[in-house]
Structure formats: structure tokens, C-alpha cells
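In what follows, chains carry the letters A, B, and so on, assigned in the order in which the sequence lines appear, proteins first and then strands, with residues in each chain numbered from 1.
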Amino acid sequence: MKTYTKETLIEALVNIRDRGWIETQRKNNDGGVGNTLEDLLGIEENNLPIPNAAEWELKAQKKDTTSLITLFHMEPSPRAYKFVPLILLPEFGWAHQAAGQRYEKSEKSFRQTINAANYSNRGFIIKVDRNERKILVDFDCRHIESDAHSEWIKLVSQKILSPKPYWGFDDLYHKAGTKLHNCFFVLAESKIINGLLHFHYQDIYMLKKFDLEKFIDAIDKGRIYVDFDARTGHNHGTKFRLKRDALISLYEEVKKI
DNA sequence: GGTACCTGGAT
DNA sequence: GATCCAGGTAC
């Protein structure tokens, strides 16, 4: 396991950029662009909620995608309820797109990418309660688009989400403050060469001083999303995510290397 | 083996 | 832009 200083990490990232096209080291994995970068840096895969290297978080993204970037994972409180596996997936889930094909016929899915600006078409929203200092999830069946979910609405129209899942400001501050304070964000071109996905890591952004107040404000304005990502056989976790420009705007200092 | 984290996607 | 989704590990 290599260790880096900020300076040696910059040097390593520039060397990787200069190598040009590099084959993915994680086939069939959407996280390949990030996992491959970590592999190139000699950072062993782990699921520890800490920065990747030398107090620097590393994030990579394909240049041509519009997908959201994941800041971190955190299951909602109260933890004892185990909201995703015991309530949201079984009570509010629906048949997985590949149920009866790739998965068992009984495979359910609960995927919701929600924000504070609008209800999803399944009736979920997040709200910022500054008095209680927490982010919470709410469900209101009146906001379900019945045309899009004519069968599912019958299953949930009488349901109340109570208690409401939430994340305390202090827990979010601790998570973001310890994991995201400084970050290298690398954009990579991608293309298939001889049938194999390759990346060219190109644009290196050095992001310093994550701003916790801007973080809460971005949630309040709907620029940060809470993303539930569970099926019966695998809960990928509940994530806080945002678009590329929103990520950069959360830092006090931005420098392109 | 279930839960909660990690790395990220396409249409 | 909203609504869906992937393969990994630690304990």
C-alpha cells in the first residue's frame, strides 16, 4: 500500500495522464474508471469511509457521462429500523426490470434518486429541517404519477412512511469533513480498443476545503440528491450524489493541474 | 449471510 | 433531467 503526499500524488496523476490510453482493470463494473485509477496508484480496494490517499479523496469520472458523482454512502437513521432492507425495499419496492430473467421472479428493486426541489414520480422527496438539524425523507402518495405506476400505486397508496428516515447534520458534517475535505477529481476519456474498455485520464482538478455550509445549502436547493440503490439480492447503499459542476462548487479552492 | 460501506454507470 | 442500474469488500 503506497502512501502519498500531495506533491507525490500530483506527480503520480500527471504520470498516469502522460501514459495515455490504459485498459480498464475492472471489466463489467461501472466503477472501473475509479477502481482502475486506484489500482494504478497502488491503492488497495477498501470500503473504509476515509479519504483514499494522504488525506486526499480521489474521484474519477468518464468525461462523456452525465451521471451523478457519489460523495459518500450513509444509511439513514434511526439505524435500528434498517429502512432499506426492512421497509423501503419490501414495502415500497417494485419488480426489478430483470426479474424472471437475470434474477429470480421475486426480485424487487427500490431505486430512487430524490432531491429537495421536487417529488419523484413515485412520491418521494427529501426535506431540510434546519431547526431539527437534519435531512429527512418523506413520502406522499398524492404525488405518485398514476399513469406511470398504475399497478404499483395500488400497493402503496395507503402506506405512510413513519418514522421518516433522516440524516443528522452532525453525522453528515463528520462524514463529509473527514472523507471529502480535499479531493483530486480526474476526468477520463473512454473508448473501446479491440473490444476492451480503455481510459485516458486527462483533466485533473485539485479541490481544497470542502465547505460544509455550501453542502447543506446545495441539498436545500435540490442540487444534491439522495440515491437509494437496492435490489433484493444487493443493497448498493444509500448515497449522496451531485453533478460535476455542483461538486466543484462545494470547494473553496479549485485548481486545474 | 445480512448490513453497510467502497468504486461508479446508461437511457 | 429523471428514472432506472452495475461489481466489489469488511464484519
*Ile43(A) CD1 to dT7(B) P, straight-line distance once rounded to whole Å*: 10 Å
Would you tabulate the side-chain donor-acceptor contacts of residues 88-106 of chain A under 3.5 Å, counting partners in other chains and residues two or more places apart, or write 'none'?
{"from": "Glu91(A)", "atom 1": "OE1", "to": "Lys159(A)", "atom 2": "NZ", "distance (Å)": "2.8"}
{"from": "His96(A)", "atom 1": "ND1", "to": "Ala98(A)", "atom 2": "N", "distance (Å)": "2.9"}
{"from": "Tyr103(A)", "atom 1": "OH", "to": "Arg231(A)", "atom 2": "NE", "distance (Å)": "3.2"}

_Under 4.0 Å, counting only non-hydrogen atoms across every strand here, what does Ser120(A) touch: a base, just sugar-phosphate, or nothing?_
sugar-phosphate
*Choosing from dA4(B), dT3(B), dC6(B), which nucleotide comes nearest the side chain of Leu86(A)?*
dT3(B)
Considering only distance and modelled atom types, tabulate donor-acceptor pairs under 3.5 Å from the side chains of residues 245-257 of chain A, sequence neighbours left out.
{"from": "Ser249(A)", "atom 1": "OG", "to": "Ala246(A)", "atom 2": "O", "distance (Å)": "2.7"}
{"from": "Tyr251(A)", "atom 1": "OH", "to": "Leu180(A)", "atom 2": "O", "distance (Å)": "2.5"}

*Does the side chain of Gln112(A) pick up a donor-acceptor pair with the side chain of Ser120(A) at under 3.5 Å?*
yes
*Could you label the plane-to-plane angle of the Tyr173(A) and Phe169(A) rings as parallel, tilted or perpendicular, counting under 30° as parallel and over 60° as perpendicular?*
tilted
*salt bridge (Lys or Arg N to Asp or Glu O under 4.0 Å) against Lys6(A), all qualifying residues, sequence neighbours excluded*: none
*Apart from Leu136(A) itself, what residues make up its hydrophobic cluster, given side-chain heavy atom links below 4.5 Å?*
Tyr166(A)
*Contact letters for nucleotides 4-11 of chain C, in which S counts primed atoms plus P, OP1 and OP2 and B counts the base, heavy atoms under 4.0 Å*: BBBBBBS-
*Could you check whether Glu57(A) gets within reach of a base, just the sugar-phosphate, or nothing at all, counting any heavy atom under 4.0 Å?*
sugar-phosphate
*asked:* Expected output is a numbered-order residue list: members of residues 188-210 of chain A with a heavy atom under 4.0 Å from any atom of DNA chain B. What is it?
replied: none
*Just to confirm, is there a sub-4.0 Å distance from OP1 or OP2 of dG1(C) to any side-chain nitrogen or oxygen of Lys243(A)?*
yes
*dA4(B) C1' sits how many Å from Trp167(A) CH2, rounded?*
13 Å
*Does Tyr225(A) have a side-chain nitrogen or oxygen under 4.0 Å from the phosphate oxygens OP1 or OP2 of dT3(C)?*
no
*asked:* Students often mix this up, so state it plainly: with edges at 30° and 60°, are the rings of Phe215(A) and Phe72(A) parallel, tilted or perpendicular?
replied: tilted
*Would you please name every residue forming a salt bridge (Lys or Arg N to Asp or Glu O under 4.0 Å) with Arg122(A), sequence neighbours left out?*
none
*Interatomic distance, Gln25(A) CD vs dG8(B) P [rounded to whole Å]*: 14 Å
*On DNA chain B, nearest-nucleotide positions of Ala60(A) versus Gly233(A): which is more 5'?*
Gly233(A)
*Rounded to whole angstroms, how far apart are CZ on Phe72(A) and P on dG8(B)?*
15 Å
*How would you label the contact of Tyr119(A) with the nucleic acid (heavy atoms, under 4.0 Å): base, sugar-phosphate, or nothing?*
nothing
*Give Ser67(A) one of three labels, base, sugar-phosphate or nothing, depending on what nucleic acid heavy atoms sit under 4.0 Å from its own.*
base
_Asp64(A) or Met74(A), whichever maps to the more 5' nucleotide of DNA chain B_ = Met74(A)
_With ring-ring contact (aromatic ring centres under 6.0 Å, His included) as the rule and sequence neighbours excluded, what pairs involving residues 20-63 of chain A come up?_
Trp21(A)-His200(A), Trp56(A)-Phe184(A)
_Please report the distance, rounded to the nearest Å, between CZ in Phe240(A) and P in dG8(B)._
18 Å
*Nearest-angstrom distance from the residue atom CD1 of Ile224(A) to P of dG1(C)*: 16 Å
*Mind checking who shares a hydrophobic cluster with Ile160(A), ILVMFWY linked at side-chain heavy-atom distances under 4.5 Å?*
none
